[in-house]
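Here's the structure, in structure tokens; my notes come after.
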Amino acid sequence: MCSRNAWFEEDCGHMSWDTFQQVLLAAAENDDVETLFFGGVAEPFSHPELLKMLRAAKDTGKRVELITNGIFLNREVIQ
């Protein structure tokens with residue numbers, strides 16, 4: 001089930017790297033943020049820079065979680 005199917009009139013897109021860096025910096029500086037979670041509205045692996053984003057998130061020292069349907073997983077991505 002993909003909740004994205006409920007919003008037929010909304011434009012699709014990807015978060016820019018600049019926006020991601022701003023969000024990541026704010027989260028990294030906030031001691032109340034324990035986990036950085038990728039998922040919820042669409043398939044995270046559809047973003048062309050997800051692996052770079054995951055590395056940057058892990059570099060904050062916070063716990064990083066992701067939910068995927070696995071459609072974009074291959075041996076290289078899993079490694």
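These figures come from a predicted structure and were not determined experimentally. The analysis underlying the following values was restricted to heavy atoms, covering all of them including side chains, and did not include hydrogens, waters or symmetry mates.
The hydrophobic clustering, which links ILVMFWY residues whose side-chain heavy atoms are closer than 4.5 Å, places M15 and F38 together.
Pairs engaging residues 15-35 under the ring-ring contact (aromatic ring centres under 6.0 Å, His included) rule: W17-F20 [sequence neighbours left out]. Residues in residues 28-39 take part in these side-chain hydrogen bond (donor to acceptor under 3.5 Å, both in side chains) pairs, two or more places apart or across chains: T35-R63. For residues 45-67, the set of pairs meeting the ring-ring contact (aromatic ring centres under 6.0 Å, His included) definition, not counting sequence neighbours, comprises H14-H47.
Across every non-hydrogen atom of I67 and G39, the tightest pair is CG2-CA, 3.9 Å. Summarising the geometry of P44 relative to L66, their closest heavy-atom pair is CB-CD1, 4.0 Å, with the distance given to 0.1 Å.
At a threshold of 4.5 Å between non-hydrogen side-chain atoms, the residues T60 and L25 do not count as touching.
Applying the side-chain contact (heavy atoms from CB on, under 4.5 Å) criterion to D18, with sequence neighbours excluded, gives S16, Q21. For A27, the side-chain contact (heavy atoms from CB on, under 4.5 Å) partners two or more places apart in sequence, or in a different chain, are V33, L36. In this structure, the salt bridge (charged side-chain N to carboxylate O under 4.0 Å, His left out) partners of K52, at least two apart in sequence or on a different chain, are E49. T68 is linked by a side chain to side chain donor-acceptor pair (under 3.5 Å) to E43, counting only residues two or more places apart in sequence or in another chain.
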For residues 72-79, tabulate all N or O donor-acceptor pairs below 3.5 Å that involve a side-chain atom, not counting sequence neighbours.
{"unit_1": "N74", "atom_1": "OD1", "unit_2": "E76", "atom_2": "N", "d": "3.0"}
{"unit_1": "N74", "atom_1": "OD1", "unit_2": "V77", "atom_2": "N", "d": "2.8"}

